[in-house]
Number of protein chains: 2
Amino acid sequence: MLTDRQMMILRMIVDNYVLSAEPVGSRTISKQTDLGLSAATIRNEMADLEELGYLEQPHASAGRIPSQTGYRFYVDHLLMGDTRLSGQEITRIKSLFTERIGEMERVAQQTALFLSNLTQYTAVVLGPQVYDTTLKNLQLVALNDHTAVLLMVASSGQVYNRTVSMPEGVSIREMESLVRILNARLSGTPMYRIRSRALEEITHEVSRHMRDYEEAVHLLDQVVTWLESDKEGKVYLGGATNMLLQPEFRDVHKAQPVLTWLERHHDVMEALRSDESTLQLQVRIGGENDVQSLHDCSLVTATYTVGGLPVGVIGLIGPTRMDYARVIPLLGHLSKGLSDLLTKFYVN
Amino acid sequence: MLTDRQMMILRMIVDNYVLSAEPVGSRTISKQTDLGLSAATIRNEMADLEELGYLEQPHASAGRIPSQTGYRFYVDHLLMGDTRLSGQEITRIKSLFTERIGEMERVAQQTALFLSNLTQYTAVVLGPQVYDTTLKNLQLVALNDHTAVLLMVASSGQVYNRTVSMPEGVSIREMESLVRILNARLSGTPMYRIRSRALEEITHEVSRHMRDYEEAVHLLDQVVTWLESDKEGKVYLGGATNMLLQPEFRDVHKAQPVLTWLERHHDVMEALRSDESTLQLQVRIGGENDVQSLHDCSLVTATYTVGGLPVGVIGLIGPTRMDYARVIPLLGHLSKGLSDLLTKFYVN
DNA sequence: TGTTAGCACTCGATCGCATCGAGTGCTAAC
DNA sequence: GTTAGCACTCGATGCGATCGAGTGCTAACA
């Protein structure tokens with residue numbers, strides 16, 4: 001186990017390195033500490049800390065930088081209750097969520113921008129995706145004789161739409177009655193049960209309203225398939241180019257894989273969605289990330305909820321040398337605020 | 001005016017430079033040309049072309065690179081009918097648009113990805129935005145006692161939604177009847193005329209259904225404001241990080257402004273939307289761009305239409321040294337394909 | 001036993017300098 | 001008008017000297 005002094009030194013090294021991005025020397029620490037310890041003493045401690053695996057030396061005559069385990073220890077044991085947010089920042093966070101809610105989309109996008117502006121890191125917000133949602137409403141709006149828009153509102157307030165063109169032999173009228181039946185019979189049904197209920201109860205009723213039985217079944221199947229299809233949540237990015245501001249990514253070849261990964265929204269979603277079920281705030285440091293491209297990054301994520309159920313994730317991606325002391329409480333407050341806002345709106 | 005030979009040399013220099021990103025020397029041209037001209041002759045011509053402003057020399061003992069006017073001349077006079085798309089590529093473009101249309105969004109996003117994959121440049125697609133669209137349908141779907149989703153379908157097939165929370169003293173029922181009235185009275189109305197018609201004809205009818213007259217007027221005003229508010233089209237990017245693949249942007253400080261600009265979707269929209277009304281394909285080379293951050297880039301845009309009316313823009317952003325000979329016909333085909341697809345669906 | 005001053009040592013960063021080579025401009029000959 | 005030849009330019013590359021921040025170790029000290 002580390003002595004108190006070692007912890008203090010480790011902590012100072014991390015704090016310094018986070019700020020400067022340059023290896024921290026013994027003199028620097030010696031000067032900053034108030035327990036008048038000489039550089040030589042610090043050096044001894046630093047050598048010990050390196051042996052224990054908490055520090056690293058980029059090269060023989062350089063200062064020390066925290067190792068991955070060093071950061072891990074810092075995050076797990078040295079940050080307890082250390083919130084480095086100014087009162088001003090906290091009120092700014094709160095005021096962000098006092099606005100009227102407009103579209104869900106806009107809230108998510110704005111949260112991402114806010115986070116990235118405040119931190120100079122890259123923010124990721126996974127749009128709300130509710131698993132045990134039910135079907136609220138289904139509508140068909142005809143655009144012309146052969147095209148219509150199918151609208152679906154979920155109980156979580158999300159709206160999905162797709163354009164459908166009528167197959168030969170099916171009129172818009174028929175399609176409208178199909179949708180009317182579905183709406184009447186299925187509204188309130190959990191999404192994942194839609195198919196079974198549709199097949200059980202509705203098929204024959206639908207076919208009564210349509211001339212072509214084959215087409216009727218086919219069309220019904222298509223609509224149901226769409227309804228139950230994964231409405232993959234969206235990914236909102238803020239400040240992706242902030243990555244380029246970080247000294248460790250000044251080399252294009254370092255930055256490129258990360259930025260490219262960020263463009264693959266599907267992968268991003270997959271990577272973050274896995275943290276969702278544990279309601280905890282998660283910190284993934286460097287190699288702790290499963291994603292290869294993020295091995296030089298850290299990823300801090302928090303889950304936000306509606307009525308206590310996890311529905312989405314907000315997160316920050318930055319270099320391993322991340323300002324955890326700021327980022328962690330920031331995400332904490334923000335996910336709380338977002339949860340409260342959404343809960344107020346979408347829970348009865 | 002340039003001689004035929006000068007044009008040929010200019011053309012070869014551009015072609016070479018586009019490929020290699022390195023200044024082109026006289027020997028290179030001399031070898032490639034079949035009219036057995038020696039390097040010295042080419043050198044003379046190149047000196048002339050430089051004096052005329054079509055070429056530049058990065059430094060005294062280097063080869064030549066095209067100047068902005070050089071590119072301009074190349075694009076305007078040397079590319080006529082020169083389509084360097086393989087037959088395979090053309091069929092790939094066509095097949096991209098034979099799929100079923102799902103959501104408009106997906107089409108736009110996929111077009112952007114397709115373009116960026118095919119070119120290694122950054123693709124931008126402005127989602128369809130129709131100006132003289134009419135209101136097709138308005139719906140209110142209640143989520144609970146105090147929250148509902150307001151849906152609007154435009155005649156162009158686009159769907160907009162927003163969450164509304166009931167003010168004190170207004171019930172969901174009342175709101176529903178308000179929306180019903182609006183729907184009955186306004187559907188078919190051009191968007192820009194909604195406010196005047198709403199105020200003229202509807203205000204007093206609405207107030208008959210609501211207890212609180214003040215609230216009624218206020219609510220009506222809010223809904224109308226939302227309806228007529230700019231439904232700003234969306235911006236879809238593809239391969240933004242492709243920018244980093246280009247040698248001219250290997251330096252982070254060169255790439256950063258462009259990538260940051262691309263993140264500001266509103267600015268991107270503004271910059272591209274201006275080209276929309278001219279149905280022509282537009283080429284903006286380097287400094288021809290109004291946007292400062294794009295002074296080292298070229299922007300090629302094409303408009304796509306529905307029923308002959310411009311509704312959106314697709315474009316490519318790359319270094320000034322862009323493969324115009326490929327990019328221009330590519331955008332031409334693609335905008336044509338997109339226009340045809342959308343027209344087939346959305347025009348009766 | 002823990003702390004500290006002193007000192008030799010290491011190693012990246014920076015600078016100057018020589019070298020190399022692609023490519024030019026110019027001149028003279030064809 | 002075209003071309004061979006040649007001196008010249010200038011970025012790129014490589015090498016060695018120098019510099020300095022920071023270390024590890026030893027010996028002295030409290």
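Bear in mind that the values here come from a model prediction, so they are computed numbers and not experimental data. A, B, ... follow the sequence lines: proteins, then strands. Residue 1 opens every chain.
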Inset, instruction - Would you kindly give the CD-to-P distance between E22(B) and dT24(C), to the nearest whole Å? - result: 14 Å
Inset, instruction - Report the distance from atom CD of Q6(B) to atom P of dG1(D), rounded to the nearest whole Å. - result: 12 Å
Legend entry - Lys/Arg N to Asp/Glu carboxylate O, R11(A) vs D82(A), below 4.0 Å: yes
Inset, instruction - Specify whether Y71(B) and Y17(B) have parallel, tilted or perpendicular ring planes, treating 30° as the upper limit for parallel and 60° as the lower limit for perpendicular. - result: tilted
Inset, instruction - Could you check how far CG of L55(A) sits from P of dG24(D), rounded to whole Å? - result: 11 Å
Inset, instruction - Could you state the atom-to-atom distance from CD of E51(B) to P of dT24(C) in whole Å? - result: 16 Å
Legend entry - Side-chain donor or acceptor of T33(A) paired with backbone N/O of I29(A) under 3.5 Å: no
Inset, instruction - May I have the distance from D48(A) (atom CG) to dC25(D) (atom P), rounded to whole angstrom? - result: 12 Å
Expected rows: protein N/O vs nucleotides 13-22 of chain D N/O, under 3.5 Å:
from    : atom 1 : to     : atom 2 : distance (Å)
dG22(D) : O4'    : S61(A) : O      : 3.4

Legend entry - Nearest-neighbour nucleotide for the H59(B) side chain, dC10(D), dG25(C), dC11(C) considered: dC10(D)
Legend entry - Distance test, side-chain N/O of T41(A) to OP1/OP2 of dT4(C), below 4.0 Å: yes
Legend entry - Nucleic acid contacts - residues 12-20 of chain B versus DNA chain C, non-hydrogen atoms under 4.0 Å: none
Legend entry - side-chain hydrogen bond (donor to acceptor under 3.5 Å, both in side chains) partner of R284(B), chosen from T301(B), N289(B), D275(B): D275(B)
Inset, instruction - Kindly write out the residues that satisfy salt bridge (charged side-chain N to carboxylate O under 4.0 Å, His left out) with D76(A), not counting sequence neighbours, or none if the list is empty. - result: R72(A)
Legend entry - R64(B)/E50(B) salt bridge by N-O under 4.0 Å criterion: yes
Legend entry - Partner of L272(A) under side chain to side chain contact (heavy atoms under 4.5 Å, CB included), chosen from I317(A), L299(A), V235(A), I314(A): L299(A)
Legend entry - Residues which pass side-chain contact (heavy atoms from CB on, under 4.5 Å) with R5(B), listed by chain and number, not counting sequence neighbours: T3(B), I9(B), L37(B), T41(B), E45(B)
Legend entry - Residues R84(B) and D15(B) bridged, charged N to O under 4.0 Å: yes
Legend entry - Gap separating the CG atom of D267(A) from the CG atom of L262(A), nearest 0.5 angstrom: 10.5 Å
Inset, instruction - Could you check how far CG of N44(A) sits from P of dT3(C), rounded to whole Å? - result: 9 Å
Could you go over nucleotides 17-20 of chain C and give all protein N or O partners under 3.5 Å, atom names and distances?
none

Inset, instruction - Flag yes if more than 12 heavy atoms outside H253(A) fall under 6.0 Å of its NE2 atom; otherwise flag no. - result: no
Inset, instruction - Dot-bracket notation for DNA chain C is requested: 5' to 3', Watson-Crick or G-U wobble pairs only, both distances under 3.5 Å, with ( ), [ ], | and . as defined. - result: ||||||||||||||||||||||||||||||
Legend entry - Proximal nucleotide (of dT4(C), dT3(C), dT2(D)) relative to the R5(A) side chain: dT3(C)
Inset, instruction - Taking Q256(A) for its side chain and L244(B) for its backbone only, find out whether a donor-acceptor pair lies under 3.5 Å. - result: no
Legend entry - Any donor-acceptor pair under 3.5 Å from Q32(A) side chain to R27(A) backbone: no
Inset, instruction - Please report, rounded to the nearest Å, how far the C1' atom of dT24(C) is from the CD atom of E50(B). - result: 10 Å
Inset, instruction - Taking S26(B) for its side chain and I42(B) for its backbone only, find out whether a donor-acceptor pair lies under 3.5 Å. - result: no
Legend entry - Length of the line joining I65(A):CD1 and dG12(C):P, which is rounded to integer Å: 14 Å
